[in-house]
Structure formats: structure tokens, C-alpha cells
Amino acid sequence: MALDKNGIAKRIAQELQDGWYVNLGIGIPTLVANYIPEGIEVEFQSENGILGMGPFPFEGEEDPDLINAGKQTVTLRKGAAIFDSATSFAMIRGKHVQLTVLGAMEVSQDGDIANWKIPGKMVKGMGGAMDLVASADNIIVAMMHSNKAGESKILKKCTLPLTGVGCVKKVVTEIAVLEIKDGKFHLIERAPGVSVEEIVSKTEGELVVPDFVPEMQL
Amino acid sequence: MALDKNGIAKRIAQELQDGWYVNLGIGIPTLVANYIPEGIEVEFQSENGILGMGPFPFEGEEDPDLINAGKQTVTLRKGAAIFDSATSFAMIRGKHVQLTVLGAMEVSQDGDIANWKIPGKMVKGMGGAMDLVASADNIIVAMMHSNKAGESKILKKCTLPLTGVGCVKKVVTEIAVLEIKDGKFHLIERAPGVSVEEIVSKTEGELVVPDFVPEMQL
Amino acid sequence: MNKVVKNVEEALQGIEDNMTIMLGGFGLCGIPENSINRLVKMGVKNLTCISNNAGVDDFGLGLLLQTRQIKKMISSYVGENDEFERQMLSGELEVDLIPQGSLAERCRAGGAGIPAFFTPAGYGTEVAEGKEVRVFNGKPHILESALTADFAIVKAWKGDTEGNLVYKSTARNFNPMMAMAGKITIAEVEELVPAGELDPNFIHTPGIFVQRIFQGEKFEKRIEQRTVRQRG
Amino acid sequence: MNKVVKNVEEALQGIEDNMTIMLGGFGLCGIPENSINRLVKMGVKNLTCISNNAGVDDFGLGLLLQTRQIKKMISSYVGENDEFERQMLSGELEVDLIPQGSLAERCRAGGAGIPAFFTPAGYGTEVAEGKEVRVFNGKPHILESALTADFAIVKAWKGDTEGNLVYKSTARNFNPMMAMAGKITIAEVEELVPAGELDPNFIHTPGIFVQRIFQGEKFEKRIEQRTVRQRG
């Protein structure tokens, strides 16, 4: 059965390693914070200037001066630090953040990503996404395998304006975990109960399928 | 009579304008701080990270963590700010400092300055001098007119390795105030009792002498 | 060096039509509310505004969009704003979108006398169009130029009479870099204190970057996304 | 994220011959004294040291010069040091002199993922030799590249277990940029405090830049130029 958003977040959380600084994008990526594995300590960076971001505040304790990059009211963990936007992107560009998780509209088998603009529609801007994807060594995309029209978002080539080129290493969708290498998608895991055939049929890009594809362990 | 170092500093202090941020180099320039004209407020920047540098501390109150760019123990004025070296040179390069006063070994009629290196001798380094002269719109050089061998240091062309090119606008020596424009030195003032002839004879670079050369008012 | 001006009216004197203005803030957090309200009253037109976001319909820079005072926005993320969308799609409003990190670094560069720098952000995308590409350590980078403004308007928590500023929490965001990059920088603060009250060791923006400072009359500090969790 | 190591011995593990090391400080102010003493004991050789100055004969980096552990110094101002002079003039020591502002900015760039930037400093001088020149706003600038190091060693006043650092007064100087630019950054602090004791709003170096932190055993804090004035 295909995963829901929390399932995707839960699977991505398994990628976390102790001691990592992690930047989570808006949407599904934000949910990853709810599933940090036992015994693992990670620190969340928010690009508007927080290291050590904590959970939402209790009602009545919201501070308008303390928000995350999604403009949501948040709190600080013990040992947090606040900094300006230039320092924040120094961390990102300088590869001090070990993992970036973000959403996408399209991903290509070359690791290109498109997630900021649909020509002819309202354009909201790339925010920090271009800096994040151009800089991070370790980028995981959290996305649905297909769009609302049922068309694959896992493509040979992106059709939308790019956010970054050759940067995505791993994609987690509601049905599969894919790795990108040598210009191809590689099927690593399937969602519980989802068949390899379904994944193949929903993937437009070139997909390498090993003989045995394990189910995700959630 | 030729000025002493304090006289040079006193004359340079007349150039200060209310509200200016000023960087003073090591040596004679440092003395300028002792002669700020009445009614004028200036703030001293020290490139190791001080804005609002105050006088030396009283004996016993020296703080090893509070020094100026000459490595001397200093104090802070009320309203001072401390910052790192990158921010300090952001101020300098970004032209937020209105006046730089520094010493020189040689100055040329094109506004070139040499003050950091004598080939074949021990080289101590340029410190912040190259950043300062390349950035400041307003640079005054405080120096002796001649070297110890009696040779002019006010030259057609510098003979020593340069610190910066075309940057010096004004030179104050023990005998004269010179302005540099259009590739020439212009004699603006002479030290009390010093003759125009003496200045001319001690100046190797091209010197424009007006009909009347006023004495400095100290 | 006393930088204090009486009020927002005096602080914003000299801002004219067609000028470029930087405004600090991220979303509605740390924006110079009093100055924006004053710009609406002044009615200056054809402004180019450099700000990470464009406010919402009835708050922040959205107010200047309602009155059509903005000719061009230079931002990293806009939207959350119907009037903005209408003006942009109809072509009334020019919009220059810049990666957030490049925007921050370009403002810092403008204040720091760095005319241009290389960054990997935007390589291979339309952001890189017309820009020089150079490979460093095997990775392509694009050359980005410095940004400056006729006026930078920033919002701080506390400021002293010398213009030294301290920001509160994530209301810091773009304010320190923009303070550096204004030909004239105006700081509106929640609390104006005498020189000497702020610890010199913990000042976020040294006063040298600030030309005018005033205590804002009223700060609404609207929250854009109120998110909370349940107790226990 | 606990970054605490037991002592200077553990902190400096992994530093080997031929490595490049950045060391914070300006003159003798804000230098990592305990780590320098430890480097002497470790006897690592052929080091390239990036530091604004080179200490004095018997303190700071001068100690590593005495023992001939340094192959190359990258600094803005050296001297005040007879052994340094001897080694430099005899050609035993390579010296790369860099304008102080460029040194600071190059370290910051190294930590910030900016591979190169333009600066006016050094144009027309021997510093510009072999470097690209480009005119911006009518003024020539030279292209300077980022600096990084195998290890950066910085000295802070207070630090917490997460690696967040606070510097005291002008002992800050080059320490924050060098903390950013080390592949591994070691912080020696006068006082190590639990996470949560430092105000998040007033941290100079966020812990993300620091991999190891320890409380130094002893700080001599030698004064290079003791200047005082007479009481009233």
C-alpha cells in the first residue's frame, strides 16, 4: 500500500545519522523531524537563521520574532543559536549542513530537480532552494511519484525550469526509494505491498531494477 | 621651523570633520587622536575590531583581550562596538570609514604610495594598509619630507614596491601640506617659518607652487 | 556620534520617486513596520524594493503594492499576496527573483566593498542566464554582483544613540546585511537606549553602518503562520 | 550535539605533518595558546600555518618557529620575531603575505562556499601578480580565492557543549572566520558551559562550525605592547 506523507517522512528519517545538521524544506520534509530514530541526535537548521530549531510553541507562547523558514512560529532547543541570513547560507553553501530534504515537482535521472516555477502560472520564487541544492552533498527529495494528472514526476529529463542540476542523490516517494547514479534511477526499496510492476509503470525515467527489491521497514 | 611629529598630527587633525569615522595608522597618525578640534566628534576605528576606541587604560587596568591594531592596550568609549576582522574590513572596503591617516616611505605625484616593503630587507608585511589605501576615498599621508639620507620621499615615481596606486590625495610633512591632483603635487601650506624654496628643494616630484603659500595655522 | 532623529517622518526624509530601497525582514518577521506605513503616506512612487519577501495583502510591503508605489521587487520568495500576483501577471510589476543565499550575500557584498563573487547557487537554471560561469574544484559557479540601495531600512530590537543595533531572535534575518548596503541606512527600533547601555561585545550591527535611528511608535508584529502544539 | 573532548591532547588528534592549519588571533590577542603548546609537544612538521601574525620569539606561533615545525606562513603582518626573520631571510621559511582584509575575507569565503571574490586591495602591487584584474564601477579589482585548512584552531572566551562560541572583546578578530574555514575546527575556551547557558541571540560562532571543544588548562594572555596613561 502506498505510503501517506507521514510514511514518506518516516522512511526519510531512517537516513539520518547521529551528529548531522539537517535542513528540512516546507511540506513533507518538515514531518521528518517527528520521526528521528532512537539514539540519534540531529540538529535542525532553518535558513532564516536558526540552528537547533525545536517544536511548535505551546498555545499562548508564540513569539512573532521566532519563526522558521516556513514562517511558522517555532521554539528553540537548548544550545540553539540565532544568526543572520548571510551566515545561514554560509553554513549551507559551505557544506556545514550534512543533509537537505526538500520537495520537488520533477526529478530527472541525471539528478536535476525542478521545484520552483511553472511557466505561465504564478511564480512564488525559489527562496533558499537553489542555494540548498547547489551546495549540499546529500540531498533527499521527498515527493509523490506522480502528479495529480497521473503523470510521472520521475523523468528522463525535467520539463519545468530547473532549480539545480545533477544534485539529487535519493528520492523517496509514496511507493519507492530511488537512488540516482550513472544517469539512471535505481530502485532500492518499495513501499509495503507495492509491486515492482507498479513502480516501473509509474516511472518515466530509466529505472534499474535489481532481482530482489526489499520492502521498506517502517 | 619644521614641525615635530605632534605638529604634523595637529595639522592633520584640522582635516577632521564632525561625524567622521577615522582609521589611524601606527606612528604619527596615532597622535592625531590627541588633537581633535573643539566641537568636533569623530569615532576611531581600529581594524582589529573596534569602533569607538578610547585612550590607553590607566595603569593596572590593562586588558590583554582589548588591544588596538598596533597591539597596544586600549580602552573603549561609551557606545563602542566590537566585531570580527571580516566585518572590520567590510567597513573599510565598503567606504564606511571616512578618513584614513597613515604613514609612508614614499609618495608619488600620481598618488601612489609605498609603505610596506624594502627589497632585500626584512619584510614585516602590509597588514591592513593595502585594504585601507585601496578602499578609502579620503587618505592623508603623514610622513617626513625626506628620508634619513636626506633624499626626498615626495617623488615623481615611487622606487619601492607599492602599497596602492593613485590613492593618496593629501600629504602632511614636517614642512608642508601637499595636495595631489592631475598627476602633480600642489603646495597648499608651509610650516611656520619654512620657506617655499626649502620645500621646493626637498621635493623631487613635480610641485605646483601658487603665488601665495599660507603658513599652517596650528 | 548621535544618529537619533525625532520620528519616522524625519527618518525617511530624502526618499524620492524612482529610488532603490532595501527593507529588512523575513516574511513579516523583523520588518520595519513604521517606515513602511510612512512610505505609504509619503506616496513616493516607482520604487525598486529589495526585500526577501513582499509582505501580505494588508501588511508589510503588501501595503505599498496596494498603492502601486512599487515598480520592481527584488526578492527570493513572493506570493502570499493576491495583489502582488495580479500586478505581476498583468505586467504592471517587474519582479527579479534571486536565490535567498545569493540575495543575502549580494547585500553583504554591497556593504563590504566586494563588487562580485562566485556562488554555485543557480548554476544551470535561468538565474544563471547571462552570467559568467567558472569552474572551481570541478564544480561550476556563477558570478553574482553586489547589491546596494539609496536607502536601507532595517528593524532592530534595541538600538543606541550611536546607531549600534541588536536584533531579537529570527527578526535578525536580512537586517544586518541590508544595514551595511544602504547609502543611507535608517534603523527603526523597538527601544532606543543611551550610548553605553548595549554591551560592545554583543552588538549585531555596529553604528558605523547606520545614519539615522528612531524608536518606532507602534509594532504590530503580525504572525504569518501561527503554529502551536497541544499541552501535555 | 556534544562536541566536548577531554583535553588538548584529544582535541588535536589527527594533526599530521604537511597539513595546513589556521590559527585565530591578532598579535598575541585571542590566540589558542594551549593548542600551540601542544603542537610543539606533538612535534608535527612541515606545517603551513595561516594566521594574521606569527607570534613573538617565545610565545604564540614563535614557539613553532623555534622548533622549525612551520614550512610556510600565510599572514598579513609578521616580524616582532627574530627567529622568524632569520628563517625567512635564509630561505628556510616560505612566507606568503596577504592584505589583512583579504586574509579575513578569504577565510570567510572558504567557510561560506564562495570560491572567489573581487577586492580592490592590492591592485597595482605585487599582491596582484598573476591574479585576474577586472574593473567594476571604474575601479580595478583583483580576484582572490577562498582559503580553507585541514584544521582550524580558534580560541574563545566561553563555549558550550554544542560548540557555540562567544569571544571576549578584541580577542574575537580572526577567530570567527577561521572557525568557519576548517575542515575540522577545534575550539579552546576559557570556560566551557552546558548547552543552554549561552544566550542563543548572542552567539558569535554557531556550533555547526565547531567539531571539537575543550577548556584550556591555562591562559597566559601575554600583552605585546603594554600602553597606559597616568591617572588624573
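When each of A:A129, A:S46, A:A86, A:G49 is scored by its heavy-atom pairs under 4.5 Å with chain C, the top score falls to A:A86. For chain C, the option among A:V123, A:V74, A:L132 with the highest count of heavy-atom pairs below 4.5 Å is A:V123. Top candidate by heavy-atom pairs under 4.5 Å with chain A, chosen from C:L89, C:L103, C:V95, C:I98, is C:I98. No other option in A:P64, A:G128, A:G166, A:S85 has as many heavy-atom pairs under 4.5 Å with chain C as A:S85. Ranked by heavy-atom pairs under 4.5 Å with chain C, the list A:A90, A:G164, A:A69, A:S88 is led by A:A69. Options A:K121, A:M130, A:K117 differ in how many heavy-atom pairs under 4.5 Å they form with chain C, and the most are formed by A:M130.
Residues A:I82 and C:R172 have side chains in contact (heavy-atom distance under 4.5 Å, counting atoms from C-beta outward). At a threshold of 4.5 Å between non-hydrogen side-chain atoms, the residues C:K168 and A:D63 count as touching. Side-chain atoms of A:D84 and C:R108, non-hydrogen and from C-beta on, never get closer than 4.5 Å to each other. C:L97 has its side chain within reach of A:W116: a pair of non-hydrogen atoms, C-beta onward, lies under 4.5 Å apart. No side-chain heavy atom of A:P161 sits under 4.5 Å from any side-chain heavy atom of C:T125. A heavy-atom distance below 4.5 Å is found between the side chains of C:R231 and A:E61. The closest side-chain heavy-atom distance from C:V127 to A:M126 is below 4.5 Å. Put simply, the side chain of C:C29 does not reach to within 4.5 Å of the side chain of A:K71, judged on heavy atoms.
In this structure, chain A has no heavy atom under 4.5 Å from any part of C:E220. Residue C:N53 touches chain A through its side chain alone, counting heavy-atom pairs closer than 4.5 Å. Contacts between A:T163 and chain C at a heavy-atom distance below 4.5 Å involve the backbone alone (N, CA, C, O). Neither the backbone nor the side chain of C:L28 comes within contact range of chain A; no heavy atoms are under 4.5 Å apart. Residue A:N68 touches chain C through its backbone alone, counting heavy-atom pairs closer than 4.5 Å. For A:A80, no part sits under 4.5 Å from any heavy atom of chain C, backbone or side chain. Using a 4.5 Å cut-off between heavy atoms, C:F84 touches chain A through its side chain atoms alone. Residue A:V133: no heavy atom, backbone or side chain, is found under 4.5 Å from chain C.
Put simply, CD on C:E85 and NZ on A:K124 are 6.0 Å apart, with the number rounded to the nearest 0.5 Å. In this structure, CZ in C:R226 is found 13.0 Å from CD in A:Q72, a value given to the nearest 0.5 Å. Note that OG1 of A:T87 is 12.0 Å distant from CG of C:N173, once rounded to the nearest 0.5 Å. In this structure, CD1 on A:I26 lies 6.0 Å from OH on C:Y77, to the nearest 0.5 angstrom. Taken to the nearest 0.5 Å, the CD atom of C:E105 stands 10.0 Å off from the CG atom of A:D131.
Residues C:A121 and A:A134 approach most closely at CA-CB, 3.6 Å, considering heavy atoms. Closest heavy-atom contact between C:V228 and A:E59: CG1-CA, 3.8 Å. Closest approach of A:L162 to C:G124, counting heavy atoms only: CD1-O, 3.8 Å.
Partners of A:H96 under the ring-ring contact (aromatic ring centres under 6.0 Å, His included) rule, at least two apart in sequence or in another chain, are D:F209.
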Intermediate values then yes/no, side chain to side chain contact (heavy atoms under 4.5 Å, CB included), A:I67 and C:Q225:
CA-CA 9 Å; A:I67 63 171; C:Q225 304 275 350; over 6 Å; no
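Counting heavy-atom neighbours within 6.0 Å of C:E217 CD, excluding the residue itself, gives a total of 12 or less. Heavy-atom contacts from other residues, nucleotides or ligands closer than 6.0 Å to NZ of A:K78 number 12 or fewer. Other residues, nucleotides and ligands place more than 12 heavy atoms under 6.0 Å from the NZ atom of A:K95. The number of heavy-atom neighbours closer than 6.0 Å to CG of C:N137, taken from other residues, nucleotides and ligands shown, is 12 or below.
Among residues at least two apart or in separate chains, there is no ring-ring contact (aromatic ring centres under 6.0 Å, His included) pair with a member in residues 42-85 of chain A.
A distance-only check finds no donor-acceptor pair linking the side chain of A:N48 to the backbone of C:T170 [under 3.5 Å].
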